[in-house]
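Working notes for the structure below.
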Amino acid sequence: MELLKQRILQDGKCFPGGILKVDSFINHQMDPMLLYKVAEEFVNRFKDTGVNKIVTIEASGIAPAIMVGYIMHLPVVFVKKKQPKTMENMLTTTVHSFTKDREYTVCISNNFLTPEDNILFIDDFLAFGNAALGVLDLVEQSGASVTGMGFIIEKAFQDGGKILRKKDIKVESLAIVDDLSDCKIVIR
């Protein structure tokens with residue numbers, strides 16, 4: 001997606017350790033027009049997969065997931081990083097956050113993730129695949145199925161994409177970053 005790639009090169013910031021910061025247009029301050037174009041691209045790539053629900057994980061995946069759900073006229077549910085006292089039929093798993101370097105016990109209500117659901121997972125980044133693998137665990141616990149996973153940005157030099165593709169999951173990344181060495185952004 002050329003528009004996204006140009007924006008990453010123009011406004012993205014690189015930090016040591018393989019960190020790409022896109023907080024000025026994707027995951028802190030958001031550009032709704034760009035996110036709408038991102039959502040349209042996801043819809044085009046996943047429209048024939050039989051998806052009936054969009055799933056994401058809080059917080060950065062919520063905005064693009066809602067845009068996809070809006071265009072596809074599908075419900076959106078997000079996996080929570082804190083367990084609310086009022087959640088019924090809770091499914092949980094543990095996810096390691098690369099960005100924050102900590103473990104989270106994430107949860108979702110089995111009322112909103114059922115065996116009848118064919119989910120499309122949407123998130124901002126695919127790095128090591130920890131969030132996606134956590135969602136796959138929750139999906140397996142619920143009896144639902146995954147029709148695909150869409151990521152705005154994939155860091156190809158980390159193993160998440162390889163791991164997910166080996167599981168025969170349809171993985172679509174709109175911008176693939178091949179390298180962040182020496183704080184230079186190299187996009188495929």
Side-chain angles (χ1 to χ4, degrees), residues 1 4 8 17-22 26-27 35 38-39 41-43 45-46 49-69 72 74-83 90-110 112-115 117-178 180 188:
M1 187 176 164
L4 175 61
I8 292 167
I19 296 171
L20 175 62
K21 195 169 179 183
V22 291
I26 290 179
N27 56 19
L35 287 177
V38 160
E41 186 64 27
F42 281 137
V43 169
R45 294 184 187 202
F46 291 104
T49 61
V51 59
N52 68 350
K53 187 171 286 180
I54 311 298
V55 173
T56 191
I57 192 163
E58 71 177 342
S60 299
I62 294 174
I66 286 177
M67 291 279 196
V68 172
M72 295 182 92
L74 293 175
V76 178
V77 62
F78 67 91
V79 175
K80 295 181 175 245
K81 288 185 180 171
K82 290 192 176 181
Q83 298 177 4
M90 187 184 319
L91 303 172
T92 64
T93 194
T94 303
V95 171
H96 180 80
S97 169
F98 170 75
T99 309
K100 296 185 177 157
D101 193 28
R102 66 172 280 213
E103 301 283 318
Y104 289 94
T105 298
V106 298
C107 60
I108 191 168
S109 172
N110 204 14
F112 303 127
L113 190 59
T114 69
D117 289 326
N118 297 311
I119 70 127
L120 170 58
F121 176 68
I122 298 291
D123 207 0
D124 60 342
F125 273 97
L126 172 57
F128 293 102
N130 297 329
L133 292 169
V135 168
L136 286 175
D137 182 34
L138 294 171
V139 167
E140 186 176 308
Q141 289 179 52
S142 74
S145 61
V146 174
T147 62
M149 295 189 149
F151 302 92
I152 298 175
I153 300 168
E154 177 179 343
K155 295 181 190 174
F157 56 92
Q158 294 167 331
D159 290 334
K162 291 176 194 149
I163 292 167
L164 294 177
R165 288 178 181 99
K166 280 183 183 175
K167 294 181 176 289
D168 283 334
I169 295 169
K170 180 180 170 113
V171 176
E172 295 284 343
S173 300
L174 304 187
I176 299 177
V177 177
D178 282 323
L180 293 173
R188 186 175 300 169

Can you check side-chain contact (heavy atoms from CB on, under 4.5 Å) on L136 and F121, steps first, answer last?
CA-CA 9 Å; L136 286 175; F121 176 68; over 6 Å; no
Applying the salt bridge (Lys or Arg N to Asp or Glu O under 4.0 Å) test to E154, which of R165, K162, R188 qualifies?
R165
Solution key, residues 50-66 side-chain donor-acceptor pairs under 3.5 Å, sequence neighbours excluded:
{"residue": "N52", "atom": "OD1", "partner": "N118", "partner atom": "N", "Å": "2.7"}
{"residue": "N52", "atom": "ND2", "partner": "E116", "partner atom": "O", "Å": "3.1"}
{"residue": "K53", "atom": "NZ", "partner": "F112", "partner atom": "O", "Å": "2.8"}
{"residue": "K53", "atom": "NZ", "partner": "D117", "partner atom": "OD2", "Å": "3.1"}
{"residue": "T56", "atom": "OG1", "partner": "G61", "partner atom": "O", "Å": "3.3"}
{"residue": "T56", "atom": "OG1", "partner": "I122", "partner atom": "O", "Å": "2.6"}
{"residue": "E58", "atom": "OE2", "partner": "K81", "partner atom": "N", "Å": "2.7"}

Does a side-chain heavy-atom distance below 4.5 Å link V95 with L133?
no
Please round to the nearest 0.5 Å and tell me the distance separating atom CG of L91 and atom CG of N110.
4.5 Å
Smallest heavy-atom separation, F151 atom then A132 atom, equals CZ-CB, 4.0 Å
Are the side chains of Q141 and T93 in contact, using a 4.5 Å heavy-atom criterion?
yes
Close side-chain approach of V38 and M67, heavy atoms under 4.5 Å
no
Side chains of I152 and L35: closer than 4.5 Å at any heavy-atom pair?
yes
List the steps, then state whether side-chain contact (heavy atoms from CB on, under 4.5 Å) holds for L120 with T49.
CA-CA 9 Å; L120 170 58; T49 61; 5.8 Å; no
Work out which heavy atom in Q158 is nearest to a heavy atom in G18; give both atom names and the distance.
NE2-O, 4.3 Å
Measure the spacing between CE of M90 and NZ of K80 and express it to the nearest 0.5 Å.
10.0 Å
Test side-chain contact (heavy atoms from CB on, under 4.5 Å) on F125 and N27; report intermediate values, then the result.
CA-CA 10 Å; F125 273 97; N27 56 19; 3.8 Å; yes
Taking every non-hydrogen atom, the tightest pair across D178 and F157:
O-CD2, 3.5 Å
Between V139 and S142, what is the shortest heavy-atom contact and its length?
O-OG, 2.8 Å
With rounding to the nearest 0.5 angstrom, report the OG to CG distance, S109 to L138.
11.5 Å
Scanning both residues in full, the closest heavy-atom pair of F42 with E172 reads CE2-O, 3.9 Å
All side chain to side chain donor-acceptor pair (under 3.5 Å) counterparts of E140, not counting sequence neighbours
none
Do L174 and R45 come within less than 4.5 Å of each other through their side chains, counting heavy atoms only?
yes
Flag, side chain of T147 to backbone of I119, donor-acceptor distance under 3.5 Å
yes
Are side-chain heavy atoms of L4 and I8 found at a separation under 4.5 Å?
yes
Would you please test V77 and L113 for side-chain contact (heavy atoms from CB on, under 4.5 Å) and show each step?
CA-CA 8 Å; V77 62; L113 190 59; 5.5 Å; no
